[in-house]
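The structure appears below as structure tokens.
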Amino acid sequence: MTDDVSAVADLSKDFFSTVVTPQAAKFAAQGHPDKDAYREAGKLGLLCMSIPEEYGGGGGTFAHEAALLTEQTLAGDTSLHLGVHSIIVPHYINAYGSEEQKKYWLPRIAAGEVVAAIAMTEPGAGSDLQSMKTRAVKTDDGYRITGEKTFISNGYNADVVIVAAKTDPEARGAGISLLIVDLVDPATGELIEGFSRGNPMHKIGQQGQDTTTLTFDNVLVPADAILGQENSGFRQLKTQLASERLILAVAAVASIEKAVSLATSYAKDREMFGQRLFDFQNARFELAECATIARVARTFVDDCIEKHINGALDATTASMAKYWLSDQQCSVIDRCLQLFGGYGYTLEYPIGQMYADARIQRIYAGANEVMKELISRSL
């Protein structure tokens, strides 16, 4: 936690407390955040902090991104999917994009001028990406994309999306390519022909975060929309998924720490049978166990962050972090909620919303059962 990372944390805390959380009810009601929030984050330099400065980024490391994600979690915001917009999509472009793609897209994403998404999951292909049905057929004037993507974070607000599609349908994973699709026609300002999106999905948690279905019906994109080499998409996805899983792990640990803090404060204030709830051995022991899990979790994720910054975070460790820390997040929040009694089941106390928001962590970016399968292959 260097001085500049601490400064990012302070700036992030102020951003969420003044710009985002006051609009939480509005974002939840409409099912998506206002796009202005991304532009405000961009003005403060909070977007694309680990992207090189020459492309409009902050020139920092994942430590700066982790500080932002931690403060977002502590603030209770789940509406802005900054992991996708500010880390995942930009690093695909930075790692595999042409110089023209980098110079065109990265400064705009960093400024919050456009909202970015990535479309992998399909109605019949979640963790098994090799079975995706979306096709990108090469033509004389580019590629024609046809297919449906679902559960797409930032899908409702997205101006640009990286689409995973089959350019060689017979080759399973070896036939997947990634394409950068500009969803807005620059000539008209309207959505491009053949593209449509559904309304934000009604979810049990993260209600202010826009999750939608994207449909591509013979959508034409230019030949230079391809990201890197044709048919290299599956390798690119496998390489970048470690970062995505670390993003979720960082949020999980911050959520665990927040749950323990909230439950401890409540237990010391709540009186039962003439004494504080904290004075009961069961409450103290529950908090002691949860605080220990929080300490172990923090140590684990900090080690993963250090490895990632040094280029040494392997896929197995990232899978371990995603699976174990999200499992612990759900478990610790549940145990802490129990100490609140009936109040924990209401939205009057933040612990109730945290309980609902946490459940998706064990599902997206690869279900935890898939993580265990990936880990087992290294044994």
Inset, instruction - Rounded to the nearest 0.5 Å, what's the gap from CG on Leu80 to CZ on Phe27? Could you check? - result: 6.5 Å
Inset, instruction - Could you tell me whether the side chains of Gln329 and Ser255 share a donor-acceptor contact shorter than 3.5 Å? - result: yes
Legend entry - Check: Asn218 main-chain N/O paired with Thr146 side-chain donor or acceptor under 3.5 Å: yes
Legend entry - Heavy atoms from other residues, nucleotides or ligands near CD of Glu306 exceed 12 (cutoff 6.0 Å): no
Inset, instruction - Measure the spacing between OG1 of Thr212 and CG of Asn199 and express it to the nearest 0.5 Å. - result: 9.0 Å
Legend entry - Polar contact flag, side-chain donor to acceptor under 3.5 angstrom, Thr211-Gln209: yes
Legend entry - Test item: Gln361 side-chain N/O and Leu248 main-chain N/O as donor-acceptor pair under 3.5 Å: yes
Inset, instruction - Taking all heavy atoms of Gly352 and all of Leu347, pick out the closest pair and write down the distance. - result: C-CD2, 4.1 Å
Inset, instruction - May I ask you to check whether Asn368 and Ser326 show a side-chain donor-acceptor distance below 3.5 Å? - result: yes
Inset, instruction - Mark yes or no for whether Lys166, through its side chain, and Arg135, through its backbone, hold a donor-acceptor pair below 3.5 Å. - result: no
Legend entry - Backbone N/O of Ala249 and side chain of Lys322: donor-acceptor pair under 3.5 Å: no
Legend entry - More than 12 heavy atoms of other groups within 6.0 Å of Phe151 CZ: no
Inset, instruction - Assess whether atom CZ of Phe234 is packed by more than 12 heavy atoms of other residues, nucleotides or ligands within 6.0 Å. - result: yes
Inset, instruction - Using a cut-off of 6.0 Å, state whether more than 12 heavy atoms not belonging to Glu193 lie near its atom CD. - result: no
Legend entry - Passing candidate, side-chain contact (heavy atoms from CB on, under 4.5 Å) with Leu179, options Ile226, Ile162, Val219: Ile226
Legend entry - Within-4.5 Å side-chain heavy-atom neighbours: Arg362 and Asp327: yes
Inset, instruction - Would you please classify the geometry between the Phe280 ring and the Phe273 ring as parallel, tilted or perpendicular, with 30° and 60° separating the classes? - result: perpendicular
